[in-house]
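Take a look at the structure below.
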Amino acid sequence: MDVTLHLAQDPAADELLGRSPLAALVGMLLDQQVPMEWAFKGPRTIADRLGTEDLDAHEIAARDPEAFAALLSEKPAVHRYPGSMAKRIQQLCQYLVEHYDGDASGVWEDVGTGAELLKRLEELPGFGKQKAQIFLALLGKQLGVTPKGWREAAGAYGEPKSFRSVADITGPESLTKVRAHKQEMKAAAKADKAAKVAKAAGGK
């Protein structure tokens with residue numbers, strides 16, 4: 001991996017994401033309940049606080065949990081919930097050490113099909129199906145990982161020329177489009193929920 005990403009909208013953070021498989025995975029893990037840029041800036045912040053140029057799964061997995069949580073909690077915090085996310089990052093790194101000898105790229109290297117890659121991603125701690133599909137789409141669209149059937153495995157996130165997720169962000173303009181799509185999805189979900197509540201109330 002050595003590409004230019006634009007997920008953190010911060011040159012140093014994006015540079016790390018583009019060359020470090022583990023940083024990209026950690027950024028994806030952090031991408032929940034906070035603005036996307038904040039999440040994907042996290043790996044660079046963690047590396048800086050560890051005094052390293054990259055993240056090391058062996059090192060993170062072996063760290064004292066309280067000390068690592070404190071590292072993420074320093075201001076500015078790496079996440080809105082730095083304690084719980086520190087635990088998740090360590091669980092992810094421990095899994096990578098156990099199953100891939102600490103090499104995050106082992107998750108997608110030599111994978112035969114998109115379906116197999118999706119399965120591997122879903123097995124990672126903290127990765128549900130949606131997160132796995134978005135990361136699979138990011139791998140295919142921007143990181144050159146394109147096993148047979150990867151678009152199908154990524155579902156709607158794999159569609160070309162779409163603006164659904166971080167997989168489609170290549171700069172400020174596409175970021176704005178993805179953000180608008182997410183707002184539409186939230187509004188639709190809210191309206192659907194309100195309609196169900198009204199229907200339930202009317203049926204009583």
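This one's a predicted model, so the numbers in the text were calculated from it and none came from an experiment. Position 1 is the first residue of the sequence, and the numbers go up from there.
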Which atom names give the shortest non-hydrogen contact between [X] and [Y], and what distance separates them?
X: P43; Y: G27; answer: CG-N, 3.6 Å
X: M28; Y: I134; answer: CE-CG2, 3.7 Å
X: A57; Y: L22; answer: N-CD2, 3.4 Å
X: A69; Y: G83; answer: CB-CA, 4.4 Å
X: L25; Y: A104; answer: CD1-CB, 3.8 Å

Between D54 and T52, do the side chains contain a donor N or O and an acceptor N or O under 3.5 Å apart? no
Flag side-chain contact, heavy atom, 4.5 Å: [X] against [Y]:
X: K161; Y: D168; value: no
X: F68; Y: I89; value: yes
X: S162; Y: K141; value: yes
X: I46; Y: L71; value: yes
X: H6; Y: Q142; value: no
X: R44; Y: L17; value: no
X: V107; Y: P21; value: no
X: Q32; Y: H79; value: yes

Side chain to side chain contact (heavy atoms under 4.5 Å, CB included) test vs I169 passes for just one of V178, L5, L138, T176, namely V178
S73: which residues meet the side-chain contact (heavy atoms from CB on, under 4.5 Å) condition with it, sequence neighbours left out? P82
Is it the case that atom [atom1] in [X] sees more than 12 heavy atoms from other parts of the structure closer than 6.0 Å?
X: R151; atom1: CZ; value: yes
X: D192; atom1: CG; value: yes
X: E59; atom1: CD; value: yes
X: K87; atom1: NZ; value: no

Once you round to the nearest 0.5 Å, how far does [atom1] of [X] lie from [atom2] of [Y]?
X: L124; Y: L29; atom1: CG; atom2: CG; result: 9.0 Å
X: L118; Y: E152; atom1: CG; atom2: CD; result: 12.0 Å
X: L117; Y: K148; atom1: CG; atom2: NZ; result: 15.5 Å
X: S165; Y: M36; atom1: OG; atom2: CE; result: 9.5 Å
X: D10; Y: E37; atom1: CG; atom2: CD; result: 10.5 Å
X: M85; Y: L72; atom1: CE; atom2: CG; result: 9.0 Å

Does the [X] side chain pair with the main chain of [Y], one donor and one acceptor, at a distance under 3.5 Å?
X: R120; Y: V111; answer: no
X: D56; Y: H58; answer: yes
X: K129; Y: E122; answer: no

Is there a chain of hydrophobic side chains (I, L, V, M, F, W, Y, each step under 4.5 Å between heavy atoms) that links [X] to [Y]?
X: V26; Y: V34; result: no
X: L55; Y: W38; result: no
X: F40; Y: Y81; result: no

Using 30° and 60° as the class boundaries, would you call the ring planes of F135 and F127 parallel, tilted or perpendicular? perpendicular
Would you tabulate the side-chain donor-acceptor contacts of residues 91-99 under 3.5 Å, counting partners in other chains and residues two or more places apart, or write 'none'?
{"unit_1": "Q94", "atom_1": "NE2", "unit_2": "A61", "atom_2": "O", "d": "3.4"}
{"unit_1": "H99", "atom_1": "ND1", "unit_2": "Y95", "atom_2": "O", "d": "3.0"}

